[in-house]
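Protein chains get the first letters and strands the later ones, always in sequence-line order, with residue 1 at the start of each.
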Amino acid sequence: MITFDNVTKVYQKDWVALQDISFFIEKGEFVFINGKTGAGKSTLLKMIYKDEEPTKGTIKVLDQNLRLLKKKNIPKLRRKIGVIFQDFKLLQDRTLEENVAFALEVTNTQPRDLRKQMLEILTYLRLSHKKFSFPYQLSGGEQQKVAIARALVRDPYILLADEPTGNLDEKSSQEIIDVLLDINYKGTTVLMATHNLKLIRKVKKRMLRIEDGKLASDE
Amino acid sequence: MITFDNVTKVYQKDWVALQDISFFIEKGEFVFINGKTGAGKSTLLKMIYKDEEPTKGTIKVLDQNLRLLKKKNIPKLRRKIGVIFQDFKLLQDRTLEENVAFALEVTNTQPRDLRKQMLEILTYLRLSHKKFSFPYQLSGGEQQKVAIARALVRDPYILLADEPTGNLDEKSSQEIIDVLLDINYKGTTVLMATHNLKLIRKVKKRMLRIEDGKLASDE
Amino acid sequence: MSLRIGIREGVRTITRNASLFIMSLLVTSISLFLLSLFAFVTVNLYHFLNILDEKIEIIAFLEQNADYEALESNIMKINGVRDVIYVSSAQALKDLQAELKETEEVLRVFESNPLPASLRIKLLAKFRNARGLEEISDKVMLLRGIRETIYGGELVDQLKKITGVITTFDIALLLIIIFSVVFVIFQTIKLTIFARATEIDIMRLVGASNTFIAIPFTFEGITQGIMGGFIAFVLTVITKRVAVSFLSDIYFPQGYFFLGSILCGIIFGIIGSSLALRRFLK
Amino acid sequence: MSLRIGIREGVRTITRNASLFIMSLLVTSISLFLLSLFAFVTVNLYHFLNILDEKIEIIAFLEQNADYEALESNIMKINGVRDVIYVSSAQALKDLQAELKETEEVLRVFESNPLPASLRIKLLAKFRNARGLEEISDKVMLLRGIRETIYGGELVDQLKKITGVITTFDIALLLIIIFSVVFVIFQTIKLTIFARATEIDIMRLVGASNTFIAIPFTFEGITQGIMGGFIAFVLTVITKRVAVSFLSDIYFPQGYFFLGSILCGIIFGIIGSSLALRRFLK
Ligand SMILES: Nc1ncnc2c1ncn2[C@@H]1O[C@H](COP(=O)(O)OP(=O)(O)OP(=O)(O)O)[C@@H](O)[C@H]1O
Ligand SMILES: Nc1ncnc2c1ncn2[C@@H]1O[C@H](COP(=O)(O)OP(=O)(O)OP(=O)(O)O)[C@@H](O)[C@H]1O
Ligand SMILES: [Mg+2]
Ligand SMILES: [Mg+2]
């Protein structure tokens, strides 16, 4: 499903964010990515949806070599991947509902299915009462939930969750983890970057730990 | 130092975020504000630096009734308060260093003092090596640290920290708490909104808990 | 993307960023108005030059007692002649006196009438140039009863020269203004799109194709063009109303101006938004 | 805020948002260029009208064998007279023939010379109107040896009327263009500031006073004005160069145009950014 082969990422000014990272993630796996602030977790995820290019090495996602993927086909790749961005990346001029619907519309979902799927996920995350609110009218945690809803709603092949519980209280965090486990159970490959070791320990899944830009452990 | 007297905040569409909140915080206190997602923690803090107006009730900050504070004097109030925003609010067209310097420049700090204070805080938070990076070149945690540095650098009378550790790993989080305790020890009044109960329990300070928009406990 | 979604997205793009849209619309309207105003001046200039052109004629002086009616019908048969008017000797003096009175009153001094009768020959448009004049004049000269023809060859040359200069100048100005207007509209649309760069980036990250992103903005560009063109047209009509009050003879083909404004608006809107989007959709 | 910080902040505002600055600068340049171009046309129009005005004169026909030299010196003493030129009878015929040749060649028919000698009286500028002409003409008529005076009263009226219409039209156009240009520049600056609304909000939350926020943007506005004015000036100079190649007599006071462009740029820049900022700094 996802293969990293000796991937190195150097940002400008010779800042080596990741070095010689290799791993393989099978379809249906649930993997945590751990590492402290600035370790390179987000960078790793960004390379999967081709927001950043690796400086060296090969990345394969859904049987495609990303380096060979044509620009015009990037949207197609991204539509198969759900991403919960660390900084949410909500569309500021759209309501909560429209933000979630947007993720479905780009995939040409039929209006009928769209409404159904959307209502389902909003109810599930207890966001329905804020449906018509714009992002600036939401609390930090509510915004994060919208970001989660948007990633989940289209039942992606791969789900990338970058620190999805940073702004959520303990109870909500646990709920989100349960949602992720649930969607994983239904077949979606899940990668979740987090520094919250407590959560990871509870769940007992595979964990990639990044330290000083290198893969320190894979257990 | 900070007085809330029967403060109610109703957002448009009759959404009651806070209801009849009353408390008094003395100079030099350290207070946690706890409550789950959407409880109204950020709203409470926003009213202290007059970003939001209470619908009812009176707020006094630094012996000033905020309702009577003239618009042109708002900047003066804000310069005495350091705020760590939940969503960082970094200036995107400025480097890390410039973002921190900006907080000092608005207070007319002498260039010499400015450099000194800035270097101190950047070194302290281990950000010096990223001095010339723009926000988009920083990891989530690094951005949060910049937000913290900017709030701390001008030695404010009051420090408002809104979920300052949401993007930080355990070790960094602990360090930040230590910094806040330290600055509090030196005389600054600190209010920190968080849902991280673990941190709160460790520190043992006064805690205001908000539930359903009401002050549920003050201990 | 279905048309329905395209339009809905476009409407949202406009309404949710109303301030941006209005600012940009105002710039577009004013720019198109300037263009329209200039077209208005140009049209009237040509209208005026056309009237001058109409005045080009050949004067054929008749011999004493020539049969002017026979001559008239003969001349009418010449290719390129549109009309022939007979001016008697008495009439000629009156005309000349009337004409010169305003410039040089010298001719009052005359005591006898030295002016012969003449035929004024009006030409079809394409013969109203030095060559056409000469050609027809030569043919007229062959007729019996004609003493002399004059056709102000130099006047025609002069007129054509002036028309040439004015036309060149006018076209140059027109090009400058068209260029400026297109440029300003383009840059303004770019600015409004730039202001939403973050939103566009997010859309791409969520998997929106370039088309999906472009359609609402193009829709916005077209809407802006149509509305801008309409506002420009209204402003031009107002200008025309005002102009009429102190310049009597004003030419204003309202329908063409309406269509022209709207069309220019649409074209510039499409081009502007497409070009502006290119930067973001590489 | 110290001037040093103000300037540094201004430079940063420009360099860190270079695309926005350049787009806005281009719009400003083109707008100012249009204004400058119009000023250029206007200046030349007035220049031309001035030359026509210079041609206004009184013609005094002399009696046979009048002492024209004595008359000349007497007329020169009349208030408002600038110059007197003697035209002999023979010269008059030549002039008339030369002049009319291009319009109506009728006068070739003359056999004797019916034209008297005359004095052409040039006037000071403020007497070049119907009243001034009449006044001086009356005084000239009192002198012995003058048969008649003519001064094309109607011509002057005509000219003044045309000048009046052109001036009104011109001022109207100038106002429209000034208004449009100011408006476009203003809206464009507003758009660039709008694109940075989030940044401005953050600055205010961190405690920046309105002045602190406004200074860099005003600096940007002024810089844009100066640069825009300069670019507009260069474009106008180029236009002038091109115009010279097919219109010989072109008037272009370079210094004034330079100062004017830069000054307009600065003024519009300051006004534009101040007005635009008002929305954000309430
Ligand atoms: N665009 C960029 N240009 C330069 N450096 C960058 C850029 N993006 C990230 N970096 C640097 O690369 C390193 C890794 O960043 P990354 O965002 O992957 O960290 P992270 O593991 O997600 O951290 P966090 O837990 O704080 O989110 C950081 O030191 C960061 O400063
Ligand atoms: N501008 C606004 N307009 C309308 N409703 C708002 C606005 N800002 C906040 N709210 C609502 O008020 C409630 C309290 O929001 P607030 O941001 O204070 O929560 P919070 O306690 O900080 O939550 P979190 O832990 O998620 O940050 C939320 O339900 C939110 O949706
Ligand atoms: Mg990260
Ligand atoms: Mg909050």
*Against chain B, label A/Gln12 side chain, backbone, both or neither, depending on which of its atoms sit under 4.5 Å from a heavy atom there.*
side chain
*Could you tell me whether the side chain of B/Lys9 and the main chain of B/Glu53 form a donor-acceptor pair under 3.5 Å?*
yes
*Please determine, among B/Thr43, B/Asn34, B/Leu168, B/Asp162, the option with the most heavy-atom pairs under 4.5 Å with chain A.*
B/Leu168
*With only heavy atoms counted, which part of A/Thr37 is less than 4.5 Å from chain B, the side chain, the backbone, both or neither?*
both
*Donor-acceptor pair, B/Glu97 side chain versus B/Phe132 backbone, under 3.5 Å?*
no
*If you look at every heavy atom in A/Arg150 and A/Asn99, which pair is closest and at what distance?*
CD-O, 3.6 Å
*Name, in order of residue number, those residues of residues 83-91 of chain A that have a heavy atom at a distance of less than 4.5 Å from a heavy atom in chain B; otherwise write 'none'.*
A/Gln86
*Would you say the side-chain atoms of B/Glu163 and B/Thr194 include a donor-acceptor pair closer than 3.5 Å?*
yes
*asked:* Heavy-atom pairs under 4.5 Å with chain B - which of A/Lys171, A/Gln137, A/Gln143 has more of them than the others?
replied: A/Gln137
_Strictly below 4.0 Å, N to O, side chains only: are A/Lys214 and A/Glu211 in salt-bridge contact?_
no
*Considering only heavy atoms and a distance below 4.5 Å, find which of B/Gly35, B/Gly40, B/Gly140, B/Ala17 pairs most often with chain A.*
B/Gly140
*Under 6.0 Å from the CZ atom of B/Phe24, do we count more than 12 heavy atoms belonging to anything else shown?*
yes
*Student check: side-chain heavy atoms of B/Arg67 and B/Pro54 closer than 4.5 Å*: yes
_Taking side chain as everything from C-beta outward and backbone as N, CA, C, O, which of these in B/Lys41 sits under 4.5 Å from a heavy atom of chain A? Side chain, backbone, both or neither._
neither
Would you be so kind as to tabulate the donor-acceptor pairs closer than 3.5 Å made by side chains of residues 122-129 of chain B, with sequence neighbours excluded?
from: B/Thr123; atom 1: OG1; to: B/Leu119; atom 2: O; distance (Å): 2.5
from: B/Arg126; atom 1: NH2; to: B/Glu175; atom 2: OE1; distance (Å): 2.7
from: B/Arg126; atom 1: NH2; to: B/Glu175; atom 2: OE2; distance (Å): 2.7

*Are A/Lys198 and A/Glu170 ion-paired here, with the side-chain N under 4.0 Å from a carboxylate O?*
yes
